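Okay, structure first, notes after.
A note on names: the letters A, B, ... follow the listed sequences, proteins ahead of strands, and every chain is numbered from 1. Just so you know, these numbers use all the heavy atoms, side chains as well, and skip hydrogens, waters and symmetry mates. Keep in mind that what you see is a predicted model, and the values were worked out from it rather than measured.
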Amino acid sequence: MVAASTLKSKPNELANNLKEKLIKLDFFEDVQSAGPGFINIFLKRNDFVSTINVINKMRDSFGKSKVGDGKKVQIEFVSANPTGPLHVGHGRGAAFGDAIGRILEATGSLVEKEYYINDAGRQIDILTTSVLLRMIKEDINNYFPQNAYKGKYIEDIANKLKKDINLNCDYESLTKDMPKDPEKEIDQIIENIKDQDESSWNQAKEFSLAEMVKSIKNDLKTFNVDFDHWFNESSLGDVSDSSSEISNSINKLKSDGNAYEKDGAIWLNTDISGDDKHRVLIREDGRATYFASDVAYHKNKIDRGFDKLVNIWGADHHGYIKRIEASIETLGSSKEKLIVKLVQFANLFKEGKKVKMSTRSGEFFTLKDLIDDIGTDAARFYYLSKQADQHLDFDIDLAKSDSKENIFYYIQYAHARIVSLEEKALKKNSKIKTNINNIENNSYKECDKLIHEISKYPDVVNKAANALQPHLVIYYLRDLAQLFHSYYNDNHVLSETDQNIESILACLLSVRQVISNGLDLLGISPIEKM
RNA sequence: GCGCCUGUAGCUCAGCUGGAUAGAGCAACUGCCUUCUAAGCAGUGGGUCAGGAGUUCGAAUCUCUUCAGGCGCGCCA
């Protein structure tokens with residue numbers, strides 16, 4: 001059909017001509033032209049069925065490939081500020097990044113998963129302040145600075161810290177004569193504590209940060225997400241240190257003429273990426289912006305020699321892409337190396353109602369809450385069930401329900417049924433093996449649809465890798481499970497002859513293998529018994 | 001105002017590097033458990049693929065445009 005216009009011929013005439021030639025080849029059973037110019041090729045039954053043997057021999061490696069060509073790919077994801085527990089929004093990024101990592105690895109890339117810890121800057125100061133204030137003030141209902149964190153986790157850290165330090169300040173003196181602006185208020189309190197008891201401040205800061213990172217690591221571990229590398233923003237150093245990485249990046253940009261001084265600040269010229277305006281790297285008051293750290297961080301990543309950098313960001317950061325691309329280009333690399341995947345927010349629904357997220361008050365549904373409620377595997381599954389750059393309505397009740405609507409269990413059920421069938425077959429006759437005995441047998445031909453479907457699997461994995469879309473695997477597994485359940489209902493395997501059972505089992509075990517392999521790409525364990 | 005994402009069956013969503021009669025689940029209706037797990041299966045009804053224009057042999061898919069919804073546009077992070 002593609003050739004039709006260049007050959008100035010009608011697609012279906014071309015198809016007919018081609019068909020006559022193809023049919024003469026002896027490795028095809030039959031060739032038919034159809035519709036507006038399609039050519040349907042029928043494989044010889046022997047070759048078609050032999051897919052099963054391939055799968056049962058390859059096992060875990062069926063579907064894996066080397067198309068990634070050993071390219072070094074770094075995936076940076078989650079990277080949530082260590083100022084509070086991971087919430088359900090982070091969960092989506094975590095599930096997505098981890099699945100992308102698994103899929104790229106399966107297709108032959110060398111993957112490194114990294115978490116960027118924002119352990120420098122004002123956010124951590126606010127965390128420290130919140131902990132210290134909480135430590136010296138029991139009752140936070142009457143008055144507590146608006147911008148301080150108030151969650152239970154702050155109280156927990158404060159209680160632990162109490163054993164080690166004795167803050168040499170009192171609450172009233174720290175918070176008297178406060179500016180009305182909540183931003184300025186919290187900054188003032190930070191200054192006050194530093195002035196009054198610097199050593200406690202430093203100790204509290206280190207401790208609070210360590211506690212938060214520990215809790216984040218724990219949550220991610222529970223969520224079956226492993227990072228290869230944790231990168232501290234603080235390791236990039238400070239602009240006050242002229243030999244730090246952050247200073248080096250900025251100096252290079254300046255000496256190349258890509259950064260300049262204006263209104264007392266240092267700006268990056270971002271014209272190259274078509275960004276709206278130039279961006280500030282160093283503020284008027286001499287402090288670096290968050291962006292400056294990010295520029296140095298991306299330079300660091302590039303210097304580490306990755307072929308591809310995949311950044312997984314919340315969709316609200318999309319306006320940030322162009323300025324990072326500009327920094328990569330102006331630092332002498334290619335923005336083509338950077339792939340930013342945006343993850344839209346997930347709305348949680350429970351009992352038909354949207355679960356409210358109130359970060360300010362500290363009352364929110366955390367990732368840990370979700371895992372405790374529905375389990376790691378179901379949570380990962382539903383996070384991945386929709387394209388990442390689209391809004392996700394996450395229905396908690398559905399994820400727990402025992403109906404067909406719950407695709408997670410629908411797929412797992414297929415897997416469990418096959419496991420159980422194999423057990424029963426072996427109980428019936430312990431000598432049962434998996435051999436393809438008679439492929440022309442009618443009861444065996446019922447398996448054809450299944451064989452056809454599992455033979456598509458490697459292609460699905462490649463597509464998911466190219467598009468960075470794990471959800472393709474989910475929809476494929478659902479279709480495969482559906483075909484299996486249908487087969488299972490229509491055919492009573494164990495009443496067949498032993499010889500037929502061996503053949504059928506060979507097919508069904510390869511179906512089981514594909515389900516298991518597919519789930520593995522998503523970081524989900526198959527269920528053996530339900 | 002500018003940028004990004006989205007609009008497909010009553011509902012939740014697949015399909016989008018153009019290709020055969022647009023698919024699945026739920027909901028509605030009808031059947032299937034003395035036999036391997038009914039968390040299952042089979043069937044019926046349900047569509048101007050938001051509207052319009054264009055490119056093409058061919059458009060849900062590409063381009064333009066209108067409408068509707070979400071998000072982002074700091075010397076915040």
Side-chain angles (χ1 to χ4, degrees), chain A residues 1-2 4-5 8-12 33-38 40 79-81 83 118 120-124 126 183 233 262-267 274-294 314-322 340 342 344-345 347 349 385-393 395 398 400-414 416-425 427-428 463 466-467 471-472 474-476 478-479 481-482 484-496 501 504 508 527 529-530:
Chain A
M1 288 179 279
V2 177
S5 63
K8 300 217 165 85
S9 177
K10 286 181 181 164
N12 51 0
S33 64
F38 289 97
N40 291 329
S79 298
N81 275 341
T83 53
N118 295 107
R122 184 161 167 265
Q123 293 303 316
I124 299 303
I126 297 177
E183 299 279 341
E233 181 190 358
K262 188 188 148 206
D263 303 333
I266 306 289
W267 299 71
D275 196 11
D276 299 343
K277 49 184 159 189
H278 296 179
R279 305 291 173 176
V280 170
L281 291 164
I282 300 183
R283 300 179 179 96
E284 214 175 340
D285 65 8
R287 290 178 306 148
T289 57
Y290 175 84
F291 176 53
S293 298
D294 245 2
D316 53 336
H317 284 65
H318 86 258
Y320 210 74
I321 297 173
K322 290 215 163 134
V340 180
L342 297 177
Q344 285 284 356
F345 288 111
N347 287 320
F349 284 84
S385 67
K386 208 179 159 182
Q387 233 169 309
D389 62 357
Q390 293 181 25
H391 294 272
L392 173 72
D393 287 339
D395 187 336
L398 171 66
K400 288 199 286 191
S401 78
D402 51 1
S403 71
K404 184 177 179 178
E405 204 179 351
N406 189 345
I407 324 170
F408 174 67
Y409 285 107
Y410 183 74
I411 293 167
Q412 294 282 19
Y413 190 31
R417 274 181 152 175
I418 297 172
V419 171
S420 159
L421 264 184
E422 189 191 13
E423 274 173 17
K424 290 234 161 61
K427 210 175 244 174
K428 185 178 169 224
K463 271 190 182 152
N466 282 332
H471 80 283
L472 296 176
I474 286 191
Y475 283 92
Y476 168 78
R478 187 206 55 191
D479 290 346
Q482 186 163 42
F484 167 74
H485 285 308
S486 177
Y487 173 87
Y488 184 90
N489 243 267
D490 294 345
N491 302 278
H492 197 263
V493 178
L494 296 184
S495 29
E496 295 280 343
I501 289 177
I504 293 168
L508 296 185
I527 295 176
K529 229 184 192 72
M530 289 179 68

*Taking CZ from A:Arg279 and C1' from B:G3, how many angstroms apart are they, rounded to a whole number?*
11 Å

_Taking the C1' atom in each of B:A28 and B:G46, what is the distance between them to the nearest angstrom?_
10 Å

_Between A:Ser420 and B:U37, is there a contact of a side-chain N or O with OP1 or OP2 at under 4.0 Å?_
yes

*Going by the side chain to side chain contact (heavy atoms under 4.5 Å, CB included) test, name the single residue among A:Leu392, A:Asp393, A:Asp395 that passes it with A:Asn347.*
A:Asp393

*Quantified in whole Å, what is the C1' atom distance between nucleotide B:G74 and nucleotide B:C62?*
37 Å

*Atom-pair distance (CD on A:Gln387; C1' on B:U8), nearest Å*: 14 Å

*asked:* So A:Ser486 and A:Asn489, do their side chains get closer than 4.5 Å, heavy atoms only?
replied: no

*State the dot-bracket string of RNA chain B. Criteria: Watson-Crick or G-U wobble, both atom distances under 3.5 angstrom; notation: ( ) intrastrand, [ ] crossing earlier pairs, | interstrand, . unpaired.*
(((((((..((((.....[...)))).(((((.......))))).....(((((..]....))))))))))))....

_With a 4.0 Å cutoff (strictly under), does any side-chain N or O of A:Lys424 reach OP1 or OP2 of B:U37?_
yes

*May I ask you to verify if any side-chain N or O of A:Gln390 is less than 4.0 angstrom from the OP1 or OP2 atom of B:G70?*
no

_Treating primed atoms plus P, OP1 and OP2 as sugar-phosphate and everything else as base, which nucleotides of nucleotides 38-44 of chain B get B, S or - for protein heavy atoms under 4.0 Å?_
SBBSS--

*Determine: side-chain N/O of A:Arg283 to OP1/OP2 of B:G74, distance under 4.0 Å, yes or no.*
no

*Could you tell me whether the phosphate oxygens of B:G74, OP1 or OP2, come under 4.0 Å of any side-chain nitrogen or oxygen in A:Lys277?*
yes

*asked:* Starting the side chain at C-beta, find the nucleotide from B:C4, B:G15, B:C13 nearest to A:Asp393.
replied: B:C13

_B:C36 pyrimidine/purine six-ring stacking with A:His492, under 5.5 Å and 30°_ = yes

*Quick one: does A:His317 reach the base of B:G72 with a side-chain donor-acceptor pair under 3.5 Å?*
no

*To the nearest angstrom, how far is A:Ile124 atom CD1 from B:C76 atom P?*
17 Å

*Would you kindly check whether a donor in the side chain of A:Asp294 faces an acceptor in the base of B:A77, or vice versa, at under 3.5 angstrom?*
no

